[in-house]
Amino acid sequence: SFTATTSFVVFGLLDMDYAAVCMSLGFVATLVGQIGLFYLMEKFQRNSYIAFSIGGIVLLSAFLMTIQSLISMVDSGGPRPPSGICTGKQ
């Protein structure tokens, strides 16, 4: 989304070399998703596919973040102290 992209740019977290590729990929994925959901909703006359798709993405995201977190903990020998833009100066 525009808001997320702006946040990444403001905090210097967006690598501009990848920005065009990520923007193009996001546009194509959104287009495919919109066309696919429109087709399913028209064919089966059900709006629940929107909720199912959102729920599936949230579930997949939580699962992948858990795996990434476990891999990071194994590689570093345990939990790391907080870091990044959310920690602030103490």
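Along the sequence shown, residues carry numbers from 1. Just so you know, these numbers come straight off a predicted model, no measurement behind them.
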Please tabulate, one pair per line, all N/O donor-acceptor pairs under 3.5 Å involving side-chain atoms of residues 61-70, not counting sequence neighbours.
residue: T66; atom: OG1; partner: A62; partner atom: O; Å: 2.8
residue: Q68; atom: NE2; partner: S72; partner atom: OG; Å: 3.2

Show me the donor-acceptor pairs within less than 3.5 Å that the side chains of residues 47-58 make with the rest of the protein, sequence neighbours left out.
residue: S48; atom: OG; partner: R46; partner atom: NE; Å: 3.3
residue: S48; atom: OG; partner: R46; partner atom: NH2; Å: 3.3
residue: S53; atom: OG; partner: Y49; partner atom: O; Å: 3.2
residue: S53; atom: OG; partner: I50; partner atom: O; Å: 2.8

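Qualifying side-chain hydrogen bond (donor to acceptor under 3.5 Å, both in side chains) partners for S24, counting only residues two or more places apart in sequence or in other chains: none. With sequence neighbours excluded, no residue forms a side-chain hydrogen bond (donor to acceptor under 3.5 Å, both in side chains) with E42.
Counting Ile, Leu, Val, Met, Phe, Trp and Tyr side chains that sit under 4.5 Å apart, directly or through other members, V28 shares a hydrophobic cluster with V32. Membership of the apolar cluster around L31 extends to I35, as traced through chained side-chain contacts below 4.5 Å between ILVMFWY residues.
Screening residues 25-39 for side chain to side chain donor-acceptor pair (under 3.5 Å) gives no qualifying pairs among residues at least two apart or on separate chains.
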